[in-house]
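Working notes, structure below.
Predicted model only: the values in this text are computed from it and were never measured.
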Amino acid sequence: MTQRLTPATASLLVIPPMLWAGNAVVGRLVTGLVPPMTLNFMRWALAFVILLPLAWRVLKPDSSLWPLWRRFAVLGLLGVGCYNALQYLALKTSAPLNVTLVASSVPIWMLIVGALFFGQPVSKRQIAGAVLSIAGVLVVLSRGQWELLMQVHLVPGDLYVLLATLAWAFYSWLLSQPKEPKEIRGDWAAFLLAQIVFGLAWSGAFAAGEWTLTDAHISWGWPLAAALLYVAVGPAVIAYRCWGMGVQRVGPAIAGFFSNLTPLFAALLSAAFLGELPNLYHAVAFVLIVGGIVVSSRR
């Protein structure tokens, strides 16, 4: 929490938005193949299997995890059970532009949640950084044409993104306050597995409700298998590992600004996979977003 933003920490915090941008693209591509709550459950179930050989000891009956089950149940609810499930749900009901626009409010919610619930003061530099960073996101979303933003119409799915953003803000602030013993907190695989084991209970309950209340179905095939492998390894295991380390080093307020790189990476992925070449506004957005990070992180 007291460390400056170093190049190494910045690199850690760049990796999650890059992988999350891919997560949004993949989540959109498999919308018709698997229901959103089920996708989230399957994703974390696979991540659980991947991490189990690395950290199975944390689940032993005499593990120091179980006395802290309430804390990990909350972390599992916010970071595993809700965050991506709500985003996947939003991708079924909202336009990608709306989803990204609402999600771009992460830095603001980080500052608000920190000030209201965790007693963290908000500096003028952080406010200025938030303004610059969100301006960069708006440049990407409007494609350099501000009149496009006036065409945005909010729909119920946008509420899911807002709830996901709030869940992520609370999750990140809780991460910044270590209360676990060293054998859990010092082992990244054990720490993440401890969250996943409780998160699976939440996401499993949500998936069960989805199958009970809707006409849910799964279209099995290689496209879905490849998508599950990506969202489990990249946006789940690797991204959460890097995000957790970054938050511990510089705090969630500064880390939150890096999440605004997600739409920029999404634009670059579109150029790579959809043939949409980058434009001048992408460079402008990059300067604004990075400028917001630099301004907010200076002391």
Side-chain angles (χ1 to χ4, degrees), residues 13 16-25 27-28 36-37 39-40 43 74-118 120 122 126-127 129-138 140-141 149 152-176 195 199 202-203 206 231 235-236 239-240 242-244 246-247 251-266 289 292-293 296:
L13 291 171
M18 180 173 59
L19 294 173
W20 291 333
N23 184 52
V25 173
R28 185 68 173 179
M37 299 296 176
L39 173 60
N40 190 56
R43 165 200 187 176
V74 173
L75 288 173
L77 172 64
L78 297 174
V80 176
C82 289
Y83 178 62
N84 279 112
L86 289 168
Q87 286 197 329
Y88 291 145
L89 184 60
L91 287 169
K92 289 181 66 70
T93 56
S94 295
L97 176 61
N98 294 60
V99 170
T100 314
L101 179 60
V102 178
S104 70
S105 62
V106 165
I108 297 297
W109 291 112
M110 287 288 192
L111 298 179
I112 292 174
V113 169
L116 293 181
F117 297 96
F118 295 89
Q120 295 295 319
V122 179
Q126 288 175 321
I127 295 175
V131 172
L132 282 174
S133 189
I134 290 179
V137 172
L138 294 179
V140 173
L141 296 176
L149 294 177
V152 173
H153 300 285
L154 297 179
V155 296
D158 301 324
L159 177 62
Y160 300 138
V161 188
L162 179 58
L163 291 175
T165 302
L166 285 171
W168 189 251
F170 276 102
Y171 171 79
S172 297
W173 276 108
L174 288 173
L175 282 184
S176 71
Q195 298 174 56
W202 291 110
S203 58
F206 297 152
V231 298
Y240 274 63
C242 293
W243 183 261
V247 167
I254 294 176
F257 287 93
F258 282 82
S259 64
N260 273 359
L261 290 170
T262 303
L264 185 61
F265 283 127
I289 292 173
I293 294 172
S296 65

So which atom in [X] and which in [Y] form the shortest heavy-atom distance, rounded to 0.1 Å?
X    : Y    : result
N23  : Y88  : OD1-OH, 2.6 Å
Q195 : Y171 : OE1-OH, 2.7 Å
P36  : L89  : CB-N, 3.5 Å
L175 : G244 : CD1-CA, 4.2 Å
A239 : P235 : CB-O, 3.2 Å

Counting C-beta onward and ignoring hydrogens, is there a side-chain heavy-atom pair between [X] and [Y] closer than 4.5 Å?
X    : Y    : result
Y83  : L78  : no
F170 : F118 : yes
W173 : Q120 : yes

Calculate, to the nearest 0.5 Å, the distance between atoms [atom1] and [atom2] belonging to [X] and [Y] respectively.
X    : Y    : atom1 : atom2 : answer
L86  : M37  : CG    : CE    : 5.5 Å
L111 : L116 : CG    : CG    : 10.5 Å
L13  : I254 : CG    : CD1   : 9.5 Å
I112 : F117 : CD1   : CZ    : 10.0 Å
T165 : Q87  : OG1   : CD    : 7.0 Å

Residue set satisfying side-chain hydrogen bond (donor to acceptor under 3.5 Å, both in side chains) with Y160, at least two apart, ordered chain then number -> none

With sequence neighbours excluded, residues passing side-chain hydrogen bond (donor to acceptor under 3.5 Å, both in side chains) with S172: W243

How would you list, by chain and number, every residue that makes a ring-ring contact (aromatic ring centres under 6.0 Å, His included) with F206, sequence neighbours excluded? none

Determine whether the aromatic ring centres of residues W168 and Y240 are separated by less than 6.0 angstrom. yes

If you apply the rule side chain to side chain contact (heavy atoms under 4.5 Å, CB included), what do you find for W20 with L261, and how did you get there? CA-CA 10 Å; W20 291 333; L261 290 170; over 6 Å; no

Is there a donor-acceptor contact under 3.5 Å from the side chain of R43 to the main chain of N84? no

